[in-house]
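As a basis for the values below, the full set of heavy atoms in this structure was taken, side chains included, without hydrogen atoms, waters or symmetry mates. Small disclaimer: the values here were computed from a predicted structure and weren't measured. Every chain is numbered from 1, with letters handed out A, B, ... down the list of sequences.
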Amino acid sequence: MDYEVEILIVEDNMSDAEMTIRALKKNNLTNKLLHLKDGAEALDFIFARENYSDRKIENIPKVILLDLKMPKVNGIQVLQELKSDERTKKIPVVILTSSKEDPDIQECYCLGANSYVVKPVQFEMFVKVVSELGLYWMILNQPPK
Amino acid sequence: MNTKPKILIVDDKPENLKALRKVLKDLDIELVEATSGNDALKATLCHDFVLALLDIQMPGMDGYELAGILREEEKTAHLPFIFISAVYTDNLNVFKGYENGAFSFITKPFQPEILINKVKFFIDKHQQEVALYELNEELKNANKELDAFTYSVSHDLRAPLRAVNGYAEMLNEDYGTHLDDEGKRLIENINYYAKKMGALIDDLLAFSRLGRKEIQVSEIDMNEMVEGVLIEMNKSITHNAKIKIGKLHQVNADYGLLHQVMFNLISNAIKYSSKKEHPIIEISSNEKNGKIVFSIKDNGAGFNMKYADKLFGVFQRLHSQEEFEGTGVGLAIVQRVISKHKGNVWAEGNINEGATFNFSLT
């Protein structure tokens, strides 16, 4: 498996993941995309553990799109762990979630999230939001190092 | 709380304590004795009393002084007293007792029945208070649970809805060219109803959020607020209503919540008068019985007063979607906000003769 990943999507909801990938594909941003379905696997990938132990931890993705509400290890826990480790804290993390609740937003920023975006219910809006996000983080934004 | 109500009896003379005990022996209570003011204060630290019977003339701290200290302590500030005294029976002393916050004063020699009745009264009152407190706690918990439930339902409903909307749109994008007009109409309908459900969920979420929000009161210039509401509204709604605004009273209320109330009521007035040739909306306020009543009056579709009680219920509507669109949450929000401010909401109207929505604030 090629571990050169530029966009890491961590999302347990298959329909949201499909729509996100579709929107990115429209903008030709899916060459180096990886979709993982839960927080535990995401942490394994980020920290090069378990199934991903032959991966180099230094090869950080350009951006992580992280859902909050996931079974077992949720998005907040993933965020907390990767932002508290020197080797991974520089990875830009965009929280992409259904929750408009203020406490969630506050907590994510406090933990070091780089952006917080609420998934629109309307498909056209959803595609627009994900496209803009993809273009911004993959093309406009200058990644660390 | 199934323990017996505790009553503190304070008297420096053991024989008086014994006499009190004898008088009250048939009541289902626990008596705690103290022979001085200091003992009494100590006792209040380890017990929760329903009532204190205080002798007035005691060496060291007398009954009045004790009562004064008890009033100042948080734990005993609301503890009722009955002063019992054989010595000071003149009116002045009775008055001084009341000044200290006593509920009652009995002079010796007293009729046992009088004391028993007074004690019974306070026990009953205490038991009612406990029952009310417990009921209130239960109600608070039920409300909290309901809000948490509404919130998680609204939240979890969004994801599948996004999927319904998304897949219908993907179908349209990928296979739209293979569909005839009827096929396209069906997809449009899926999208329309998904959108509608999205609006319902948003409103429900806003409604449940209200339940969890504490109100923050500030002084509000209502004319200024209404102007702001209209500017905001004109951005999202096109209408040709003439809106007349009177000189409105200032009120003390939660700005954000009251803004929402005004927005909902004015946008309703615009919506339900939109089919008139000359829609007119009047916003006014009056002072009645110490309360300020705000009224939003329109000359629109109105309603049958027979259904007036249904106006403010969640998801209750008096018009079909075809007549006037809506989710039936707007007025429920109005009702909830105003009742959080301890005010009232009511409406008057007649079919095709317009409606007036009123709310009162203190």
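- With rounding to the nearest 0.5 angstrom, the NZ atom of B:K184 is 7.5 Å from the OG1 atom of B:T177.
- Ring-centre distance between B:F359 and B:H341: not below the 6.0 Å cut-off.
- B:D254 and B:H259 share no donor-acceptor pair across their side chains, judged by distance under 3.5 Å alone.
- Counting heavy-atom pairs closer than 4.5 Å to chain A, the top-ranked of the candidates B:D174, B:V164, B:L161 is B:D174.
- Shown here for B:N264 and B:V334, the closest heavy-atom pair between the two residues is CB-CG2, 3.8 Å.
- Contacts of B:M197 with chain A are absent, with no heavy-atom separation under 4.5 Å from either backbone or side chain.
- For A:K69, the part lying near chain B is the side chain, with the backbone staying farther off; criterion is any non-hydrogen pair under 4.5 Å.
- Note on B:A163, B:A194, B:A168: by heavy-atom pairs under 4.5 Å with chain A, the leading option is B:A163.
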